[in-house]
Every structure is written in C-alpha cells, then in structure tokens.
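Just follow the structure's listing: the first ligand is 1, and inside any ligand the first atom is 1.
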Amino acid sequence: MKPRILIIEDNEQNLYLITFILEKHGYQVIQARNGQEGIETAKRDRPTLILLDIQLPGMDGYAVARALRSNASLDQVPIVAVTSYAMAGDRERGVEAGCTGYIEKPINPDTFMAEVEQHLLPVVPTTETPDEADE
Ligand code: MN
C-alpha cells in the first residue's frame with residue numbers, strides 16, 4: 001500500500017501544491033485544514049508521516065505537535081513542520097513540541113519531495129533473512 005501522508009495546512013494554495021507534488025510521486029494524501037481536524041484525522045487514519053503547518057488558526061502547529069505526541073498510537077509518526085518562520089528559535093520550538101524535522105516555505109517543488117522523504121521511516125523487513133537463519 002502507498003504511504004499515507006497527512007497534510008495539516010490552512011492555506012489553500014499550499015495545500016493544493018503539496019497535495020499535487022505528493023500524489024504525483026505516488027503518495028496517498030489526507031488533508032486537514034486546522035489543528036483539531038488534523039489530530040482527529042491522524043488518530044483515525046494513522047498516516048505514515050504528517051506535514052504540519054505551524055501558522056494555523058486557533059490551535060497553532062506547536063500545540064498540534066504536542067497533542068499528537070501525547071497520543072500513544074502516534075508517538076512514532078514523523079511530524080515535519082512546514083513554516084515560513086525560517087528562524088533557529090522556531091526550529092527548536094518545533095523539536096521541543098515533538099516535530100521530527102522542518103521544511104521551509106515557500107515550498108520549492110524541485111526539492112520538496114526529497115525533503116519529505118528524508119523523514120520517512122525506512123521499511124522494516126518482517127521476515128527473517130535466510131543468511132541469518134543459516135548461521
Ligand atoms: Mn498557515
């Protein structure tokens with residue numbers, strides 16, 4: 001099954017652009033337009049990775065990240081903050097809130113996919129390898 005990526009983003013242009021890039025690369029996309037909706041969707045749909053806008057109406061991205069991390073079923077999912085606040089302090093705040101990484105806006109369509117994929121967890125093989133079994 002294709003990895004599912006949840007985008008939590010209130011800006012329609014960014015949402016459209018990010019969705020377009022991810023779908024073009026074969027990812028399944030789930031959208032949420034505010035933090036509360038994003039948290040509920042994440043609990044229900046268990047995405048492979050979450051792209052989280054920091055500037056959201058109401059609950060900001062830091063609060064959303066903390067809420068996601070406090071949920072036992074979501075404490076391992078990579079959360080990548082997406083924000084135009086390209087400042088070191090914001091990066092640190094994001095990490096403290098539980099974000100795995102950081103992508104700066106404006107979105108660069110040429111590099112965005114590679115930046116996202118850096119944060120996807122490697123697929124863990126579920127079967128024992130024959131080499132190990134023989135030794
Ligand atoms: Mn926003």
Write down the atom of Val77, the atom of Thr100, and the distance for their closest heavy-atom approach. O-OG1, 4.3 Å
Min side-chain heavy-atom separation Tyr102-Val80 under 4.5 Å: no
Around the Mn ion (ligand 1), how many protein N/O/S atoms fall inside 2.8 Å? 3
Do NZ/NE/NH1/NH2 and the carboxylate oxygens of Glu96 and Arg66 come within less than 4.0 Å? no
Consider side-chain contact (heavy atoms from CB on, under 4.5 Å). Of Val82, Ile8, Ile103, which one does Leu52 pass it with? Ile8
Going by the salt bridge (Lys or Arg N to Asp or Glu O under 4.0 Å) test, which pairs reach into residues 40-63, not counting sequence neighbours? Asp53-Lys105
Evaluation steps, side chain to side chain donor-acceptor pair (under 3.5 Å), between Glu104 and Thr83: CA-CA 5 Å; Glu104 286 177 12; Thr83 178; over 6 Å; no
